[in-house]
**Q** 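Can you read through this structure? Questions will come right after.
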2 protein chains.
Amino acid sequence: MSVPKIETIEAWKALLTTSRLLIEKVEDSLAASSLPSLAWYDTLLEIEKAGKEGIRPYKLKERLLLPQYGTSRLLGRILTAGLIEKHDCDEDGRGFVVRITSRGRQLRRKMWRVYANALCTGLEGPLTVGELKLLVDLMQKTRPA
Amino acid sequence: MSVPKIETIEAWKALLTTSRLLIEKVEDSLAASSLPSLAWYDTLLEIEKAGKEGIRPYKLKERLLLPQYGTSRLLGRILTAGLIEKHDCDEDGRGFVVRITSRGRQLRRKMWRVYANALCTGLEGPLTVGELKLLVDLMQKTRPA
DNA sequence: CCAATATAAATGCAACTGCATCTATAGGTG
DNA sequence: CACCTATAGATGCAGTTGCATTTATATTGG
C-alpha cells in the first residue's frame, strides 16, 4: 500500500526510542526511591484534581487512556493501599466515585519531588524552552483521534 | 528539589500521550489484520538484518531495549511460531545465535505493509518532512544515556 | 591449572494484563 | 409497566511480565 518516506521512519524510531528511554528513566527514579509507578502517580493526580466531589472510574479511564478492566483493577490496588476511598454514587446506582485520602495526597507529593527531578534532568536539561514548545506543537499536530 | 517549568510539563504530557496513542494505533492495525505485535516485528527485523550470521540474544536485548528475561521468553515464543531458528554458537558455549526463517521473513514483510500504512496515516500525514526532521532532532537531543 | 568472578541464558513464582463475559442498574420505547 | 438495549463496573482465565535465582560456560588473577 503506502511506502513511508525515510524521514517518517526515522522520526518514528526516534520517537519510540526516546519516549521509552525517558519513561524508563522516570520509572527507575521512582523505583529507586521505593515509590509506586507512573501509572499510580497519574491516577492519584487525576483523583486529587477532582477534589472533594471525587471522580467516576469511567471518567478516569478516559483521562488515563486505560482500558476499563485496567482501571478497575488499578483502583482496587490503590484502594487497598489506602490512598483513595470509594463512595457510592447517588445519581447512579451502578457506579461510585473515588476520592483521594490524605495519605494519598501525601504520597503523590512525595512522588512528585522525584518525578519532577527526573523531568528536569531528562527533558528540561537537554532542551531549551523554545524546543520544548516546539515539541508540544509537533505532538499536538500528530495526535490521532 | 527541582521545579520543572510549565513548558517541561506540557512537553512531557504531550510526548507521553501522543506516543502512546500512536503506538496503540499501530498495534490496533496489526491486531486488526491478525498479525503479531510491534515487539515481534522489531525482533524479526533485527534478526533479519543480522542476516546469515544470525545474532546473539544478548545483542538483541540491547537493540530492542528489552530486559534479558523478556528477550529470552520472546525469542522462545517466536521460535515456537517457527519464525526463527536457534543455532549453537561456536565461539561461546553459553549462548547461541538466532536466524530468521523464510516464514519469518514472509511474516515480517506482511506486517510491514500494515505497519507502514499506519505510519503513513499516523505520522507522515499530519507532519511535513521538515517537521519530521525536526522531531528526529528533538528526540536525539533528548535521548538519555 | 585452580579458584574467584563475570557473563549468557533460562526459569519458578508472584504480580499484572488482555480478553471475554458477567452482574447490576439506567434509559429508552411501545 | 414490561421489555429491550446501553452503560458502569467486576472478574475468571490464560497469557505475559518482573524479580530473583539458577545453571552453565567464559575470563581473570594467582
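Quick note on labels: first sequence line is chain A, next is B, and so on, each numbered from 1.
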**Q** From CG of B:D88 over to P of C:dA8, roughly how many Å is that when rounded to an integer?
**A**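 Value for this atom pair: 17 Å.
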**Q** Using the salt bridge (charged side-chain N to carboxylate O under 4.0 Å, His left out) criterion, which residues pair with A:E48? Sequence neighbours excluded.
**A**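 Counting only residues at least two positions away or on another chain, A:E48 forms a salt bridge (charged side-chain N to carboxylate O under 4.0 Å, His left out) with A:R108.
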**Q** Please identify each residue that fulfils side chain to side chain donor-acceptor pair (under 3.5 Å) with B:S29, with sequence neighbours left out.
**A**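 So B:S29 forms no side chain to side chain donor-acceptor pair (under 3.5 Å) with any residue.
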**Q** Is the shortest side-chain N/O distance from B:K86 to OP1 or OP2 of C:dA8 below 4.0 Å?
**A**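 Indeed not, no polar side-chain atom of B:K86 lies that close.
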**Q** By a strict heavy-atom criterion of less than 4.0 Å, which residues belonging to residues 18-52 of chain A are in contact with DNA chain C?
**A**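 Listed by number, there are none.
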**Q** Taking only residues two or more places apart in sequence, or in another chain, which ones meet A:K59 in a salt bridge (charged side-chain N to carboxylate O under 4.0 Å, His left out)?
**A**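 Per chain and number, A:K59 pairs via salt bridge (charged side-chain N to carboxylate O under 4.0 Å, His left out) with A:E62.
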**Q** Could you give the side-chain donor-acceptor pairs of residues 71-82 of chain B under 3.5 Å, partners two or more places apart or in another chain?
**A**
residue	atom	partner	partner atom	Å
B:T71	OG1	B:P67	O	2.9
B:T80	OG1	B:G76	O	2.9

**Q** Anything under 4.0 Å to a heavy atom of chain B counts; send over the first and last such nucleotide of DNA chain D, read 5' to 3'.
**A**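 Nucleotide range in contact with chain B: D:dT16 to D:dA26.
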**Q** Phosphate oxygens OP1/OP2 of C:dA9: is one of them under 4.0 Å from a side-chain N or O of B:S72?
**A**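 For C:dA9, OP1/OP2 do not have a side-chain N/O of B:S72 under 4.0 Å.
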**Q** Sugar-phosphate atoms are those with a prime plus P, OP1 and OP2; base atoms are the rest. Using that split, label each nucleotide of nucleotides 17-26 of chain C B, S or - for protein heavy atoms under 4.0 Å, 5' to 3'.
**A** BBB----BBS
**Q** Donor-acceptor pair, distance only, cut-off 3.5 Å: does the side chain of A:S19 make one with the backbone of A:L16?
**A**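 Checked: pair present.
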**Q** Whole angstrom is fine here: how far is it from CD1 in A:I78 over to C1' in C:dA15?
**A**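 After rounding, the gap between these two atoms is 15 Å.
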**Q** Test of understanding: with side chain to side chain donor-acceptor pair (under 3.5 Å), list the residues that count as partners of A:E10, not counting sequence neighbours.
**A**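 None.
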**Q** Could you go through residues 134-145 of chain A and list every donor-acceptor pair under 3.5 Å that involves a side-chain atom there, pairing it with any protein atom two or more places apart or in another chain?
**A**
residue	atom	partner	partner atom	Å
A:D137	OD2	A:K141	NZ	3.3
A:K141	NZ	B:E131	OE2	2.8
A:T142	OG1	A:L138	O	2.7
A:R143	NE	B:T18	OG1	3.3
A:R143	NH2	B:T18	OG1	3.2

**Q** Pair up each side-chain donor or acceptor in residues 85-92 of chain A with any protein partner under 3.5 Å, not counting sequence neighbours, and list the distances.
**A**
residue	atom	partner	partner atom	Å
A:E85	OE2	A:H87	NE2	3.1
A:H87	NE2	A:R99	NH1	3.3
A:D92	OD1	A:R94	N	2.9
A:D92	OD1	A:R94	NE	3.1
A:D92	OD2	A:R56	NH2	3.3
A:D92	OD2	A:R94	NH2	2.9

**Q** Applying side-chain contact (heavy atoms from CB on, under 4.5 Å), name anything that partners A:E27, two or more places apart in sequence or on another chain.
**A**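 Applying side-chain contact (heavy atoms from CB on, under 4.5 Å) to A:E27 gives A:I23, A:L30, A:S37, A:L38.
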**Q** Using salt bridge (charged side-chain N to carboxylate O under 4.0 Å, His left out) as the criterion, list what pairs up with B:K110, not counting sequence neighbours.
**A**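 Partners of B:K110 by the salt bridge (charged side-chain N to carboxylate O under 4.0 Å, His left out) criterion come out as none, since no residue qualifies.
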